[in-house]
Amino acid sequence: MAEQGQIDNRGAAGAFRRLADLLEIRGESLYRVAAYRRAAESFDRLAEPITAVRARGELEDIPGVGTAIARKVEDLLDSGSFDLLREVEAEIPPGVAALLSVPDIGPKRARLLYRELGVESLEDLREALDQGRLDPIPGLGAGAARRIAEGLNSLQATDERLPLGVAHARGLALIARLRERAPGIRRIELAGSVRRHRETVGDLDIAAAADDPAAVVEAFATLPEVANIELRGPNRCRLVLVDGFPADLWVLPERHWGSLLFHLTGDKHHDIRVREMAVARGGRLSEYGFSAGGDLTPFAEEEDVYAFFGLQPIPPPMREDPAALDLAGRGALPEVLEVEHLRADLHLHTDWSDGKGTVREMALAARARGYSYIAVTDHSRGLAVANGLGPERLREQRAEIDAVNAELAPFRVLQGIELEVRGDGRLDLDDDTLAALDLVVAAVHSGLRQGRERVTERALAAIRHPLVDVLAHPTGRIVGGRAGGDFDLVALYAEAARTGTALEIDADPARLDLRDVHARAAVAAGCTLTVDSDAHVPGGLANASFGVGVAQRAWVPPDRVLNTLPLDALLGRLKRNRSLPS
DNA sequence: GCCGTTTTCGGCCCGACTGTTTTCAGTCG
């Protein structure tokens, strides 16, 4: 942003969220408050700078923005704030809004704490609790004070989201333990943000179906790994595990399974919008089904919910985009990549470098997944810590691959490499060596902290190289860890599209790189992608499903993913087998 | 404050748990 103090989309969203919180505490109409929140969410979702929308005079075309909010946005962009926000900020200290982040504190209690006790921040709240000042307030009993104290502690203890891969594994383990103790479970699945493949997860939402829900709840609440039960009813139990992670189980009879899974998968706005469709039909939708005039229509399968409202089924990772429902209603939802589309894995490691499986073991695991070929891409010698391969060991490896191919035909193992892009931008192996391979995946592992220009130039050099077919994990980021290099991604997309070099969605849940927004931008720029596991053990091939999740969040069509192609078609697409500009 | 397959006015998602003012408000997912 050029001008100083310029408000970007996130800033605009933040201003309206702040306004909504403060007005809610003040006791304003909840519909008005919801309107500001809805506008804030629209600003977050805008595909272009809000300043550009304003310049075209199209602010009121943004969903949830009418004349009143449009005028406030204009003031905000011109002066950094607007009258109503200034007014309410002068009336209520902004720190009071922070109280809303504490479990069991909503707008009413935040106002009560501020008015009665002068609590203006989380620190003030802690102090008031320590001094026992919450107990005597009318309208806030000792029980509520205790829950608020617990909520404040849990906020400080568990204010973290887990990487998807960790949360997913933990959720599956929890489900396995629960199944042992509750054999009456007919169906059970991780829902919520895990099912939508968000890259980080704040809690586990578990949907289950059983004839006797209370028995399942009982088994869940008495698991040894439970630290604290937050609430419990006949169909539902929310608790905190000993590691501090929250888990929420909902159980209904199997005839409600579809609507329960739909409800728990969300996201919230997706759920609400379909419920609004139910209202438009003179009824209402809940986790039990569609009810109108005392009659309940239960939904046993999730697709039944969509079908009832005349919608195409929407894959969970696509549900966070409001456009999905509009398109599904017109029968125009685009096809996106599914796990079943994948015919190969083009990035995996064996015991020739830092993997744990042999070439044969990896090939057998891939064949068991239904793949028809793989590329073995062990590290090149420059990554010495990973026992990287030079020309001589590559020739030895070729002999082993030939033997496996002779045994497993028609399954086919390609010999590839994960080629280091050195700190100075040169590639780690000479062209003759690369030309002897079937496929080359290049990667920037080192020097990610170099400046934008230098690190971008290294990646561009790899993309332009006539023997490089794929750029692996293009940003180098680690989920919940390092941010990755400061690449000029727009330049990378353009050059990858021009040269026909594929960009990878590395499906290792610690990487997920490209991430969803990047993959979407890359496809829009005309790039071809790959979805690869980067597996280092045979079981790691299953991580491909996490990459498919990223692709679905990015609305990637299957025909833009290189490893959906049959082997012959893939080979024909490689630069080395075409005559192309270099 | 927004918005239109009931509507330009009068609606705005649903159900459940907790604690308590014991008939329901507040909070949550």
Side-chain angles (χ1 to χ4, degrees), chain A residues 16 19-20 23-25 27-42 59-73 82 84 99-113 134-135 137-148 150-151 154 191-193 202-207 213 217 221 229-239 246-252 256 259-260 262-292 296 305 309-310 329:
Chain A
F16 279 88
L19 176 68
L23 286 178
E24 193 175 17
I25 291 167
E28 202 75 37
S29 152
L30 289 178
Y31 297 117
R32 196 179 170 200
V33 169
Y36 292 133
R37 293 219 169 97
R38 199 146 52 95
E41 268 148 29
S42 286
L59 283 174
E60 291 188 39
D61 291 346
I62 298 172
V65 177
T67 52
I69 290 182
R71 184 161 304 133
K72 289 178 174 65
V73 170
F82 50 87
L84 181 60
L99 301 177
L100 299 177
S101 65
V102 179
D104 286 298
I105 294 184
K108 299 298 191 300
R109 285 171 184 168
R111 176 168 50 171
L112 194 65
L113 292 167
L134 256 59
D135 293 344
I137 308 183
L140 198 69
R146 180 179 49 78
R147 287 182 73 88
I148 287 172
E150 288 170 4
S154 74
S193 49
D203 68 349
L204 294 170
D205 292 302
I206 305 169
V217 168
I229 295 173
E230 292 195 336
L231 60 84
R232 181 175 169 178
N235 301 100
R236 190 183 162 194
C237 180
R238 182 178 173 84
L239 47 75
D248 205 342
L249 173 75
W250 299 52
V251 195
L252 289 178
H256 305 294
S259 37
L260 175 64
F262 172 83
H263 170 62
L264 272 187
T265 297
D267 70 355
K268 184 173 76 171
H269 301 287
H270 189 80
D271 195 25
I272 288 174
R273 283 195 59 197
V274 177
R275 287 178 177 207
E276 284 169 349
M277 294 181 193
V279 173
R281 294 193 175 205
R284 58 177 189 264
L285 177 69
S286 74
E287 58 269 32
Y288 294 94
F290 177 81
S291 53
L296 176 72
V305 178
F309 292 103

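Per chain, numbering begins at 1; letters A, B, ... match sequence-line order.
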Participant: Under 4.0 Å from any atom of DNA chain B, heavy atoms only: list the residues of residues 265-276 of chain A that qualify, in numerical order.
Facilitator: Ile272(A), Arg275(A), Glu276(A)

Participant: Between Arg236(A) and Leu231(A), is any pair of side-chain heavy atoms under 4.5 Å apart?
Facilitator: yes

Participant: For the pair made of CD in Glu230(A) and P in dG29(B), what is the distance, rounded to whole Å?
Facilitator: 8 Å

Participant: Between dC13(B) and dC17(B), how far apart are the two P atoms, rounded to whole Å?
Facilitator: 22 Å

Participant: In Watson-Crick or G-U wobble terms, both distances under 3.5 Å, what is the partner of dG11(B)?
Facilitator: dC2(B)

Participant: Nearest to the side chain of Tyr288(A), which nucleotide is it out of dG19(B), dG1(B), dG15(B)?
Facilitator: dG15(B)

Participant: Rounded to the Å, how far apart are Asp104(A) CG and dA16(B) C1'?
Facilitator: 14 Å

Participant: Considering only the P atoms, how many Å lie between dT5(B) and dG1(B), rounded to the nearest integer?
Facilitator: 24 Å

Participant: Quick check on dG29(B): is either OP1 or OP2 less than 4.0 Å from any side-chain nitrogen or oxygen of Arg236(A)?
Facilitator: no

Participant: Could you check how far CD of Glu60(A) sits from P of dG4(B), rounded to whole Å?
Facilitator: 13 Å

Participant: Distance check, C1' atoms only: dC3(B) and dT7(B), in whole angstrom units.
Facilitator: 9 Å

Participant: Could you run down the sub-3.5 Å N/O contacts of the protein with nucleotides 5-10 of chain B?
Facilitator:
from: dT6(B); atom 1: OP1; to: Ala280(A); atom 2: O; distance (Å): 3.2

Participant: Closest-nucleotide mapping onto DNA chain B: is Val65(A) or Val102(A) further toward the 5' terminus? I mean the 5' end.
Facilitator: Val65(A)

Participant: CD1/Ile62(A) to CD/Glu41(A) distance, rounded to the nearest 0.5 angstrom?
Facilitator: 13.5 Å

Participant: Which pair of heavy atoms, one from Leu23(A) and one from Leu84(A), lies closest together, and at what distance?
Facilitator: CD1-CD2, 4.1 Å

Participant: What pair of heavy atoms forms the shortest contact from Cys237(A) to Val217(A), and how long is it?
Facilitator: CB-CG1, 3.9 Å

Participant: Could you check whether the rings of Phe262(A) and His270(A) sit parallel, tilted or perpendicular, using 30° and 60° as the cut-offs?
Facilitator: tilted

Participant: Quick one: does any side-chain atom of Asn235(A) pair with a main-chain N or O of Val251(A) as donor and acceptor, under 3.5 Å?
Facilitator: yes

Participant: In whole Å, measure the gap between the C1' atoms of dC12(B) and dT6(B) for me.
Facilitator: 14 Å

Participant: When rounded to the nearest 0.5 angstrom, what distance separates NZ in Lys108(A) from CG in Leu113(A)?
Facilitator: 13.5 Å

Participant: Of the listed nucleotides (dG26(B), dC28(B), dA16(B)), which one gets closest to any side-chain atom of Pro103(A)?
Facilitator: dC28(B)

Participant: Looking at Glu24(A) and Arg109(A), does any basic side-chain N land under 4.0 Å from a carboxylate oxygen?
Facilitator: no

Participant: Can you check each nucleotide of nucleotides 20-25 of chain B against protein heavy atoms at under 4.0 Å and return B for base, S for sugar-phosphate only, - for none, in 5' to 3' order?
Facilitator: S-----

Participant: Taking the same atom, P, in dA16(B) and in dT22(B), what whole-Å distance lies between them?
Facilitator: 24 Å

Participant: Nearest to the Tyr36(A) side chain among dG1(B), dG15(B), dG19(B), which nucleotide is it?
Facilitator: dG1(B)

Participant: dC28(B) C1' sits how many Å from Asp205(A) CG, rounded?
Facilitator: 12 Å

Participant: When all nucleic acid strands are considered with a 4.0 Å heavy-atom cut-off, which category describes Asp203(A): base, sugar-phosphate, or nothing?
Facilitator: nothing

Participant: Specify the closest pair of heavy atoms between Arg275(A) and Leu285(A), including all atoms of both residues, with the distance to one decimal.
Facilitator: NE-O, 3.4 Å

Participant: Search all heavy atoms of Ala145(A) against all heavy atoms of Leu134(A) and return the closest pair with its distance.
Facilitator: CB-CB, 3.9 Å

Participant: Please report the distance, rounded to the nearest Å, between CZ in Arg38(A) and C1' in dC13(B).
Facilitator: 13 Å

Participant: Do the ring planes of Tyr36(A) and Phe16(A) sit parallel (below 30°), tilted (30 to 60°) or perpendicular (above 60°)?
Facilitator: tilted

Participant: Whole Å only: how far is the NE2 atom of His263(A) from the P atom of dC28(B)?
Facilitator: 15 Å

Participant: Whole angstroms only, please: what is the CE-P distance between Met277(A) and dC13(B)?
Facilitator: 13 Å

Participant: Please work out if Leu264(A) contacts a base, only the sugar-phosphate, or nothing of the nucleic acid, heavy-atom cut-off 4.0 Å.
Facilitator: nothing

Participant: When you compare dC9(B) with dC14(B), how far apart are their C1' atoms, in angstrom units rounded to a whole number?
Facilitator: 25 Å

Participant: Round to the nearest Å and state the distance from Phe290(A) atom CZ to dG15(B) atom C1'.
Facilitator: 16 Å

Participant: Please name the pair of heavy atoms, one in Thr265(A) and one in Ala191(A), separated by the smallest distance, quoted to 0.1 Å.
Facilitator: OG1-CB, 3.7 Å

Participant: For the CZ atom on Arg32(A), are there more than 12 heavy atoms of other groups (residues, nucleotides or ligands in this structure) within a distance under 6.0 Å?
Facilitator: yes

Participant: Nearest to the side chain of Arg32(A), which nucleotide is it out of dG1(B), dT27(B), dT18(B)?
Facilitator: dG1(B)

Participant: Give me the distance, rounded to whole Å, that separates dT20(B) from dG15(B) when you measure between the P atoms they each carry.
Facilitator: 26 Å

Participant: Kindly point out which of dT18(B), dC14(B), dG26(B) is positioned nearest to the side chain of Arg284(A)?
Facilitator: dC14(B)

Participant: Given dG26(B), dG1(B), dC14(B), identify the nucleotide with an atom nearest to the side chain of Ser286(A).
Facilitator: dC14(B)

Participant: Here's a test of your reading of the structure: between Glu287(A) and Ala68(A), which maps to the more 5' nucleotide of DNA chain B?
Facilitator: Ala68(A)

Participant: Would you sort out whether Arg146(A) and Glu150(A) count as a salt bridge (charged side-chain N to carboxylate O under 4.0 Å, His left out), showing the intermediate values?
Facilitator: CA-CA 6 Å; Arg146(A) 180 179 49 78; Glu150(A) 288 170 4; 3.4 Å; yes

Participant: In whole Å, measure the gap between the P atoms of dT27(B) and dT21(B) for me.
Facilitator: 15 Å

Participant: Tell me which nucleotide among dC17(B), dG1(B), dG19(B) gets nearest to the side chain of Arg146(A).
Facilitator: dG19(B)

Participant: So what does Leu30(A) touch, heavy atoms closer than 4.0 Å: a base, only the sugar-phosphate, or nothing?
Facilitator: nothing

